[in-house]
Amino acid sequence: APSSPSAEMVAAGSPNPSPIPAAKLFLQQFRFKSTAPLDHDEEEEAALDAALNLDADGSGAGSEMSNNTLESVADYTSDKSKSGTPSPWAVFDAWGAGADIFDQLSADEEYKLSKDSVAIPFTDDERAGMPDETSILGAYDHLLKRKSSVHFGYPYNLMYNHEELYEFMKYSINNLGDPYITSNYGVHSRQFECSVIDFFARLWKIEPDEYWGYVTTCGTEGNLHGILLARECHPDGILYTSKESHYSVLKAARYYRMEARAIQTLATGEIDYDSLSAEIEKNLDKPVIINVNIGTTVKGAVDDLDRILRVLSQLGVSRDRFHIHCDGALFAMMMPFVDFAPEVSFRKPIDSIAVSGHKMLGCPMPCGIALSRKEHVKKVEQRIDYLNSVDTTIMGSRNGQAALYLWYSLRKKGIAGIKRDVTHCIDTARYLRKVLHGAGFTCRLNDLSSTVVLERPMDDTLVKRWQLACEEDIAHVVVMPNVTRDKIDRFVEELVEARETHGRMEPVREDSPLSKLMCSSWGGETHMPK
């Protein structure tokens, strides 16, 4: 596991480094961002000490800033010496990872981020009474460090390093139009986007001349595109999806005015296959459009694609009468790297897959990938003279930075790096379940998942502090590469303290989500909620 920033600073510096005052760290963070140690310039150090009015021992006027940043952590920006190194992931550089948890904001920082402070002034008089932009951004930086260091409830990998790409943020990179047909706008990243799509095509096993795809703004856009293709292929088809599907699936049905059926789920979150079969059988006169969840939003449950295909076969639904979209927001990126996991790929009769790019890979902006069979895209393609390209995507202008960042992550991590991250997530999720169970909490973990579902804490402050995602009487933790065992231990300690003070959640009704955690279909044992 990567060491903490403070450990690296000690290792990189002198045997007995003197502590760096928090005020000096606060100012240094606006100069560099890298875990590489700063080269000491005595004149620069003296000037900085003078500006802070620090004594030789580091005390002095700057000490009032000690609440802004932990003294054991330094934040450096843009160290050019790291550009082009073989693997940025060899060096710890993620604010969401490690055991360190940043201090809460000071009252002054809270004020700088208030509605009045961040308002945009119309006159010089209005501006005169407001904090300047640099101090506002400094407070915001601290807020993001704080929130990233206690981030447990949502599937975002915060452990990444894209320093080598910072230079490209000065360009307006727009991949408008189709990724494979270059428009007249030359500031694009299509070559990187196509490489990303090629990678996922190989990962999900589809022949080179049979696929089409693009980099989306998020997993939701991928679902919107996949279901749009389904509707265009089967205008009178019915969309079937489980009740625990992501909200974007039924949103697509509303947008496209599609007939839809929300199917009951098993206690584990998988679609109820018997209910699906019964519902399809009622409507065999209409084509079947199925959304298959490769990891549900709350429980991380994976629908059994092979069983769904057997249902269609048993009902006599021919290939030209069904269309399958796979919502793989998080786990479609992980599943190919899990040993002995069932295969979800285009070698089976599926039609499209959507996955998020910022979740498992990690990216500073939301993004995703949509991949589908090329034959279906012809049904939505329209020539646009203004672009000198064709319109095949949901969005017109498309973020070319996202494609570049995804390409960079894939190149730097490689297959071995991704597998290492996936293994960490699966193993650490099992550790979390074990620790929670040992502490007497109701908790469950689906096979093929890194999402640990547990009883909802009664202390809402703890829920907000750790940014837990909740559904009625349950909550969940999504274990990502930035979640460490040390941080899990800290989290469980706080859970135990909250239980002693506030008690435990009881099921809000007989068939509530918490009640379903007790179902034997999960396998194993868990503690009954009291």
So, using salt bridge (charged side-chain N to carboxylate O under 4.0 Å, His left out) as the criterion, who are the partners of Arg254 when residues are at least two apart?
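By the salt bridge (charged side-chain N to carboxylate O under 4.0 Å, His left out) rule, Arg254 matches no residue at all.
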Is the closest basic N to carboxylate O distance between [X] and [Y] below 4.0 Å?
| X | Y | value |
| --- | --- | --- |
| Arg456 | Glu472 | no |
| Arg499 | Asp459 | no |
| Lys374 | Glu210 | no |
| Glu259 | Arg257 | no |
| Arg319 | Asp351 | yes |
| Glu455 | Arg504 | yes |
| Asp511 | Lys516 | no |

Identify the heavy atoms of [X] and [Y] that sit nearest to each other, and give their distance.
| X | Y | value |
| --- | --- | --- |
| Leu517 | Arg444 | O-NE, 2.6 Å |
| Ser189 | Gly400 | OG-O, 2.7 Å |
| Arg321 | Asp285 | NH2-O, 3.0 Å |
| Pro457 | Leu468 | CG-CD1, 4.0 Å |
| Cys326 | Val344 | SG-CG1, 4.2 Å |
| Asn388 | Arg383 | OD1-NH2, 2.6 Å |

Qualifying ring-ring contact (aromatic ring centres under 6.0 Å, His included) pairs, either residue in residues 460-484, two or more places apart
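As it turns out, the ring-ring contact (aromatic ring centres under 6.0 Å, His included) pairs with a partner in residues 460-484, which skip direct neighbours, are Phe152-Trp466, Trp466-Phe491.
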Qualifying ring-ring contact (aromatic ring centres under 6.0 Å, His included) pairs with a residue from residues 248-298, counting only residues at least two apart or across chains:
none
Just to verify, which of Ile426, Thr451, Thr428, Asp427 counts as forming a side chain to side chain contact (heavy atoms under 4.5 Å, CB included) with Val479?
Thr428
Ile238 and its side chain to side chain contact (heavy atoms under 4.5 Å, CB included) partner, picked from Lys286, Met258, Glu279:
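By the side chain to side chain contact (heavy atoms under 4.5 Å, CB included) criterion, Ile238 pairs with just one of Lys286, Met258, Glu279: Lys286.
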Tell me, yes or no, whether the heavy-atom count around Phe199 atom CZ, taken from other residues, nucleotides or ligands under 6.0 Å, exceeds 12.
yes
Does atom OH of Tyr180 have more than 12 heavy-atom neighbours from other groups under 6.0 Å away?
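Yes, the 6.0 Å shell around OH holds more than 12 heavy atoms from other groups.
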Applying side-chain hydrogen bond (donor to acceptor under 3.5 Å, both in side chains), run through Asn223 and Ser248 and close with a yes or a no.
CA-CA 7 Å; Asn223 286 339; Ser248 62; 3.0 Å; yes
Arg485 charged N/C atom sitting above Tyr431 aromatic ring, 6.0 Å / 45°
yes
Evaluate salt bridge (charged side-chain N to carboxylate O under 4.0 Å, His left out) for Asp339 paired with Lys419, printing each intermediate quantity in order.
CA-CA 10 Å; Asp339 292 336; Lys419 177 155 179 85; 3.0 Å; yes
Rounded to the nearest 0.5 Å, the CD1 atom of Ile324 sits from the CG atom of Asn291 at a distance of 10.0 Å
Report the C-alpha distance between Glu343 and Lys348 in whole Å, list the side-chain angles of each, state the deciding distance to 0.1 Å, and finish with yes or no for salt bridge (charged side-chain N to carboxylate O under 4.0 Å, His left out).
CA-CA 9 Å; Glu343 180 179 300; Lys348 299 178 180 181; 5.5 Å; no
Between Thr484 and Asp486, does any side-chain donor sit less than 3.5 Å from a side-chain acceptor?
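Their side chains do not contain a donor-acceptor pair, so the 3.5 Å distance test is not met.
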Checking side-chain hydrogen bond (donor to acceptor under 3.5 Å, both in side chains) between Tyr214 and each of Arg190, His225, Glu221, Arg398, which is the one that passes?
Glu221
